[in-house]
Protein chains: 2
Amino acid sequence: MKKITIGEAARQSGVKVPTIRYYEGIGLLSAPSRSEGNQRSYEPSDLNRLAFIRHARELGFEIDAIRTLLQLQDDPHQSCASADAIAKARLIDVEQRIRSLNALKAELEQMVEGCGHGRVDQCRVIEVLADHGKCVHPHH
Amino acid sequence: MKKITIGEAARQSGVKVPTIRYYEGIGLLSAPSRSEGNQRSYEPSDLNRLAFIRHARELGFEIDAIRTLLQLQDDPHQSCASADAIAKARLIDVEQRIRSLNALKAELEQMVEGCGHGRVDQCRVIEVLADHGKCVHPHH
DNA sequence: CCTACATCCTCTAGCGACTAGAGGTGCAAG
DNA sequence: CTTGCACCTCTAGTCGCTAGAGGATGTAGG
């Protein structure tokens, strides 16, 4: 039940102070009450919200998606179809990113391996960059 | 040997017109000659440079790294050690990203699978977001 | 009570790598 | 000659913060 300063909230949630203020500014977090000296003072329940946001950001959800997820959390009677859809979209995105990063990895490995550590005119790194056709997988 | 308009250069290189102008603005691309009517007119050799940049961007190299790589390409007598270092750093970065995306993927899969498609109060997506402890891998 | 110092406040500007749009000019075809 | 697209410059917006200026507040020690 104890009120908490923004610094304390930052320490406990792992979200930095300016970021908390930023979240308030964009309406992701509702404005807390203030002390006599106009300093923000948070309820313990605000920490849950902050942790939720932080976790979602770590999982790569965009602010807008988090906004929706928070609204869903606030109204537990709603169907969870939209939460499901958001998570699925994120999953598809992550899978796509993994695929393309794996392709990049193969390309970069080829580059680095092929580098004879000599002069630039024999360097495979530069060569491949200059000529897309020299890529292992020409798809990107 | 034919001079080319910016639109044509964009079409042939796959780099958008405003992006080409942007690259010129930040000094990644040198300013081309101009037509009588003050329109940019590119040499075919500029297309190579544009292709190089595009390819490097696709591989995720940052503008500053590309700047260095272009300088190396321009002076083929230099040692390719820096090109090698840049590519290796990029490779390590990519590998790191793949690792963390794989962790995310596992997390998201758990969320989506656990979703009973009912109401929000039984939704695992929301639940996991709210409670980090419910993650499969609690490392992130 | 005074001072020192950390923490807080608001506000603006900056990051990277573009992208969008306003408002105007050039150029080629019909 | 007019239509209409492509070009020009310039500014501002995107996303998710982060940094810094300049000032107020809160707290602990002397």
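If you're wondering where the values come from, they're calculated on a predicted model, not measured in any experiment. Below, chain A is the first sequence line, B the second, and so on; all start at residue 1.
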>> Check this one for me: any side-chain N or O of Y23(B) less than 4.0 Å away from OP1 or OP2 of dA17(C)?
In response: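 For dA17(C), neither OP1 nor OP2 has a side-chain N or O of Y23(B) closer than 4.0 Å.
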N-O pairing of [X] and [Y] below 4.0 Å:
{"X": "D93(A)", "Y": "R90(A)", "value": "yes"}
{"X": "R67(A)", "Y": "D64(A)", "value": "yes"}
{"X": "R124(B)", "Y": "E113(B)", "value": "no"}
{"X": "E109(B)", "Y": "K105(B)", "value": "yes"}

> Under 4.5 Å between side-chain heavy atoms, hopping through other hydrophobics if needed: is there a path connecting V112(B) to I92(A)?
Replying inline: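 Cluster IDs for V112(B) and I92(A) differ.
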>> A quick test of your reading: do over 12 heavy atoms of other residues, nucleotides or ligands sit less than 6.0 Å from CZ of R97(B)?
In response: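 No, CZ of R97(B) has 12 or fewer neighbouring heavy atoms, counting only those of other groups under 6.0 Å.
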>> I'd like to know whether CD of E62(B) has more than 12 heavy-atom contacts from other residues, nucleotides or ligands below 6.0 angstrom.
In response: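 No, not enclosed.
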For the pair made of [atom1] in [X] and [atom2] in [N], what is the distance, rounded to whole Å?
{"X": "D64(A)", "N": "dC15(D)", "atom1": "CG", "atom2": "P", "result": "7 Å"}
{"X": "E36(B)", "N": "dA28(C)", "atom1": "CD", "atom2": "P", "result": "11 Å"}
{"X": "L29(A)", "N": "dC17(D)", "atom1": "CG", "atom2": "P", "result": "12 Å"}
{"X": "E58(B)", "N": "dC18(C)", "atom1": "CD", "atom2": "P", "result": "11 Å"}
{"X": "I26(A)", "N": "dC15(D)", "atom1": "CD1", "atom2": "P", "result": "10 Å"}
{"X": "E24(B)", "N": "dC7(D)", "atom1": "CD", "atom2": "P", "result": "14 Å"}
{"X": "K3(B)", "N": "dA6(D)", "atom1": "NZ", "atom2": "P", "result": "22 Å"}

Taking N or O atoms only and anything under 3.5 Å, show me the protein contacts with nucleotides 8-11 of chain C, one pair per line.
residue : atom : partner : partner atom : Å
dC8(C)  : OP1  : T5(A)   : OG1          : 3.2
dC8(C)  : OP1  : G7(A)   : N            : 2.5
dC9(C)  : OP1  : R40(A)  : N            : 2.8
dC9(C)  : OP1  : R40(A)  : NH1          : 2.9
dC9(C)  : OP2  : R21(A)  : NH1          : 2.2
dC9(C)  : OP2  : R40(A)  : NH1          : 3.4
dC9(C)  : O5'  : R40(A)  : NH1          : 3.4
dC9(C)  : O3'  : R34(A)  : NH1          : 3.4
dT10(C) : OP1  : R34(A)  : NH1          : 3.4
dT10(C) : OP1  : R34(A)  : NH2          : 3.0
dT10(C) : OP2  : R40(A)  : NH1          : 2.9
dT10(C) : OP2  : R40(A)  : NH2          : 2.8

> Under 3.5 Å, is there a donor-acceptor pair between the S33(B) and K3(B) side chains?
Replying inline: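 Their side chains do contain a donor-acceptor pair, which is all the 3.5 Å distance test asks for.
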>> As an exercise, state the distance from CZ of R119(A) to NE2 of H77(B), rounded to the nearest 0.5 Å.
In response: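 Those atoms lie 7.0 Å apart.
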Sort me out a list of protein N/O and nucleotides 18-22 of chain D N/O pairs below 3.5 Å, or just none if empty.
residue : atom : partner : partner atom : Å
dT18(D) : OP1  : K16(A)  : NZ           : 3.4
dT18(D) : OP2  : T19(A)  : OG1          : 3.0

> Choosing from dG16(D), dC27(C), dA17(C), which nucleotide comes nearest the side chain of S35(B)?
Replying inline: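 Nearest to the side-chain atoms of S35(B), counting from C-beta on, is dC27(C).
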